[in-house]
Amino acid sequence: MGYNTKQRDRIMEFLKANGDRHITVDVLFDAFRKEGKSIGKSTIYRYLDILVSEGVVRKFMIEEGRPACYQYCGDCSQCCEHYHLKCSGCGELFHIDSIYLEKAKDELMRLYGFAVDSSKTVFYGLCARCREKENRV
């Protein structure tokens with residue numbers, strides 16, 4: 001991983017603490033700025049690129065023209081193998097593990113020889129919060 005700095009340590013701590021979330025560079029930048037420990041966006045991008053190349057962090061490009069999301073995977077690559085739900089209302093991205101989707105993935109391989117990349121599979125719809133807002137209107 002090369003050399004560690006306090007900035008890199010802060011980025012890694014934030015990613016680990018938010019390992020269940022998909023994080024953008026802007027989220028990291030704003031979090032550090034609010035703490036009064038500003039880290040430049042270029043520094044964040046460079047370090048995330050290093051972490052992605054090492055397999056510690058997974059990079060997701062969910063939508064054309066939208067910023068990439070990153071997620072901490074640690075040393076376990078299986079942690080990054082999951083499906084995604086994208087809310088068309090608020091734009092939030094969720095990751096899910098599902099035995100039923102895994103069975104569908106296996107079935108697609110068996111029937112069609114098609115290997116689904118679950119880390120890039122996105123289902124679009126409305127999250128519970130947005131559905132609730134929609135029902136109130």
Side-chain angles (χ1 to χ4, degrees):
M1 189 181 306
Y3 60 94
N4 276 339
T5 65
K6 287 181 183 180
Q7 291 178 328
R8 286 183 175 195
D9 290 342
R10 284 188 191 113
I11 293 169
M12 183 58 79
E13 287 170 16
F14 188 91
L15 292 170
K16 284 180 180 179
N18 293 278
D20 60 336
R21 296 177 51 208
H22 295 87
I23 306 294
T24 64
V25 169
D26 287 336
V27 168
L28 280 162
F29 180 78
D30 290 341
F32 296 132
R33 188 175 44 81
K34 287 176 185 172
E35 292 176 1
K37 299 173 182 173
S38 192
I39 299 175
K41 285 187 181 183
S42 60
T43 299
I44 296 170
Y45 276 112
R46 276 194 305 272
Y47 189 47
L48 286 174
D49 284 343
I50 290 169
L51 294 174
V52 168
S53 70
E54 292 176 348
V56 176
V57 169
R58 185 81 184 236
K59 181 177 182 178
F60 299 95
M61 297 297 294
I62 302 299
E63 231 175 277
E64 186 74 28
R66 302 276 299 172
C69 297
Y70 300 86
Q71 184 180 17
Y72 177 74
C73 296
D75 300 323
C76 178
S77 63
Q78 183 182 6
C79 178
C80 290
E81 291 298 318
H82 53 258
Y83 298 90
H84 298 88
L85 303 176
K86 172 89 173 179
C87 180
S88 301
C90 66
E92 189 165 350
L93 183 68
F94 307 90
H95 67 254
I96 60 166
D97 293 307
S98 168
I99 191 166
Y100 301 108
L101 292 175
E102 285 303 315
K103 286 180 181 180
K105 178 180 173 180
D106 292 344
E107 185 76 356
L108 291 170
M109 176 58 93
R110 187 180 67 75
L111 291 174
Y112 305 103
F114 191 85
V116 173
D117 181 352
S118 57
S119 70
K120 295 180 180 168
T121 304
V122 181
F123 294 95
Y124 293 86
L126 288 176
C127 69
R129 191 175 55 227
C130 288
R131 279 194 349 270
E132 185 178 310
K133 284 180 190 176
E134 196 174 80
N135 289 336
R136 282 191 231 153
V137 177

Less than 4.5 Å apart, side chain to side chain, heavy atoms only: is that true for Leu15 and Leu51?
yes
Are Asp106 and Lys103 within salt-bridge range, i.e. N to O under 4.0 Å?
no
Answer with yes or no whether the hydrophobic clustering places Leu108 together with Val122; edges join I, L, V, M, F, W, Y residues whose side-chain heavy atoms lie under 4.5 Å apart.
no
For Leu101 against Tyr83, the heavy-atom pair lying closest together:
O-OH, 3.3 Å
Looking at side-chain heavy atoms only, is the closest gap between Met12 and Tyr47 below 4.5 Å?
yes
Any chance CG of Leu111 has more than 12 other-residue heavy atoms, nucleotides or ligands included, within less than 6.0 Å?
yes
Heavy atoms, side chains only, cut-off 4.5 Å: are Val27 and Phe14 in contact?
yes
Is there a salt bridge (charged side-chain N to carboxylate O under 4.0 Å, His left out) between Arg129 and Glu132 once you walk through the steps?
CA-CA 5 Å; Arg129 191 175 55 227; Glu132 185 178 310; over 6 Å; no
Is the shortest side-chain heavy-atom distance between Arg8 and Thr43 below 4.5 Å?
no
Correct closest heavy-atom pair for Phe32 and Arg10 would be CZ-O, 3.6 Å
Could you pull out the closest heavy-atom pair between Cys87 and Leu126, with the gap in Å?
SG-CA, 3.9 Å
Check whether any side-chain heavy atom of Ile39 lies under 4.5 Å from a side-chain heavy atom of Leu28, and answer yes or no.
no
Check: Val25 and Tyr70 side chains under 4.5 Å, non-hydrogen atoms:
yes
Between Glu107 and Arg110, does any NZ, NE, NH1 or NH2 come within less than 4.0 Å of an OD or OE carboxylate oxygen?
yes
Nearest atoms (heavy-atom pairs only) where Cys127 meets Cys90:
SG-SG, 4.0 Å
The reported gap from CZ in Phe123 to NZ in Lys86 (rounded to nearest 0.5 angstrom) is 15.5 Å
Of all heavy-atom pairs between Lys105 and Val116, which one has the smallest distance, and what is that distance?
CE-O, 3.2 Å
Looking at every non-hydrogen atom in both residues, tell me the closest pair between Ser38 and Gln7 and how far apart they are.
O-NE2, 4.2 Å
